[in-house]
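Encoded as structure tokens, the structure appears first; notes follow it.
Computed from a predicted structure; not experimentally measured. Every chain is numbered from 1, with letters handed out A, B, ... down the list of sequences.
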Amino acid sequence: ELFVLTYGALVAQLCKDYEKDEDVNNCLDRMGYGIGIRLIEDFLARSAVKKCRSYSETADMIAQVAFKMYLGVTPRVRCSSAAGNEFSLILDKNPLVDFVEELPAERASLCYCNLLCGVIRGALEMVHLAAEVTFLQDKLKGDAVTEIGIVFLKNTED
Amino acid sequence: GFRVGQGLIERFTKDTSRFKDELDIMKFICKDFWTTVFKKQIDNLRTNHQGIYVLQDNKFRLLTQMSAGKQYLEHAPKYLAFTCGLIRGGLSNLGIKSIVTAEVSTMPACKFQVMIQKM
């Protein structure tokens, strides 16, 4: 509850600081990135997992181990491209929005949980995987599900 | 922190019985509240019985990862402000108006000073 309420207070404060939804979203993403580049160390230390050998294994790792460890939920993973580098994490339950009923009318484009995208992006970068992470669907915006899209870009080691 | 403190105290005290007095409330903050939020109790509570309380945490969870001693001491206040708000917000929803400040001389120990404001 401390975590969820604090996250809400953070987003509320950002909404006071920035007029445009886009700016709040970007700020959340940057903050998430800062968290992700450090969180990966904690994750690797606590989970003691072996190196993932494919994008698919990586996506599964994020959904089944990382999300479970830090948020207590396990999103479903779906591969959304024939090339095998695009995935979706579908969250049926999202603890970050436990106390959020709906977005205010004037904040229709706010990606309330955008911090998560930054976290995933930052963590992946630290294991040499470049990726674009965005919210494809958001229950808070009226979509049926909440869906995070991960697109693995060309491996930065190459 | 104030806003989060208000929300937290509402949830934590939903089923508790009425507090006897101000000291009872401060003890709740030191024991139940601190344990739920920081997984430990306040180590020492002092008061002058005239509205000033000092809560001492010898191993404050938000500072333990930072340093054990004087390193980064000048940065500590940034990490304590939120918790001051947490206490102030919690007390506010229990009907107590206060000013809360924090002081660190050696990490990770810190003291929170609560000054009750007569309304």
Side-chain angles (χ1 to χ4, degrees), chain A residues 1-18 24 27-28 30-47 66 69-73 93-104 106-107 110 112-116 119 122-123 126 140, chain B residues 1-16 28-42 55 57 59-67 71-72 75-94 98 100 102 108 110 112:
Chain A
E1 279 166 339
L2 171 67
F3 178 55
V4 173
L5 286 173
T6 303
Y7 186 75
L10 174 74
V11 179
Q13 185 60 49
L14 286 177
C15 287
K16 284 205 193 109
D17 294 342
Y18 298 106
V24 178
C27 196
L28 284 172
R30 274 200 312 273
M31 286 181 179
Y33 178 80
I35 292 172
I37 57 176
R38 288 173 172 76
L39 197 68
I40 184 72
E41 277 177 32
D42 182 81
F43 174 73
L44 292 174
R46 291 209 282 156
S47 63
M69 189 184 284
Y70 295 112
L71 290 176
V73 293
K93 220 173 93 71
N94 180 1
L96 283 182
V97 304
D98 269 355
F99 304 133
V100 182
E101 273 180 31
E102 57 179 13
L103 294 179
E106 66 274 15
R107 289 284 174 191
L110 178 67
Y112 185 84
C113 296
N114 219 34
L115 193 103
L116 292 180
V119 173
M126 288 293 115
L140 283 184
Chain B
F2 182 82
R3 189 170 164 160
V4 176
Q6 286 183 306
L8 281 179
I9 212 85
E10 254 179 46
R11 302 187 66 77
F12 294 169
T13 58
K14 227 171 11 125
D15 300 314
T16 55
F28 176 83
I29 298 283
C30 293
K31 297 218 269 253
D32 303 71
F33 186 76
W34 218 253
T35 303
T36 312
V37 177
F38 297 112
K39 309 258 191 341
K40 67 180 287 289
Q41 292 188 9
I42 280 286
L55 287 66
D57 190 325
K59 247 179 110 170
F60 188 53
R61 293 292 298 269
L62 297 182
L63 295 178
T64 49
Q65 309 277 52
M66 210 174 290
S67 105
Q71 198 186 20
Y72 302 128
H75 294 292
K78 287 199 276 280
Y79 294 87
L80 299 169
F82 180 81
T83 305
C84 290
L86 216 63
I87 299 170
R88 196 169 61 87
L91 289 175
S92 168
N93 261 19
L94 291 176
S98 62
V100 184
C110 69
F112 293 92

Query raised in the report: About how many Å separate CG of L2(A) and CZ of F82(B), when rounded to the nearest 0.5 Å?
Result: 6.0 Å
Query raised in the report: Got a second to check how far L86(B)'s CG is from L5(A)'s CG, nearest 0.5 Å?
Result: 9.5 Å
Query raised in the report: Are there more than 12 heavy atoms of other residues, nucleotides or ligands under 6.0 Å from atom CZ of R61(B)?
Result: no
**Report entry** E41(A) atom CD, over 12 foreign heavy atoms within 6.0 Å
**Finding:** no
Report task. Examine whether an atom of F3(A) lies under 4.5 Å from a heavy atom of chain B, and if so say whether it belongs to the side chain, the backbone or both; otherwise answer neither. Result -> neither
Query raised in the report: NZ of K40(B): more than 12 outside heavy atoms within 6.0 angstrom?
Result: yes
Query - E106(A) atom CD, over 12 foreign heavy atoms within 6.0 Å - result: yes
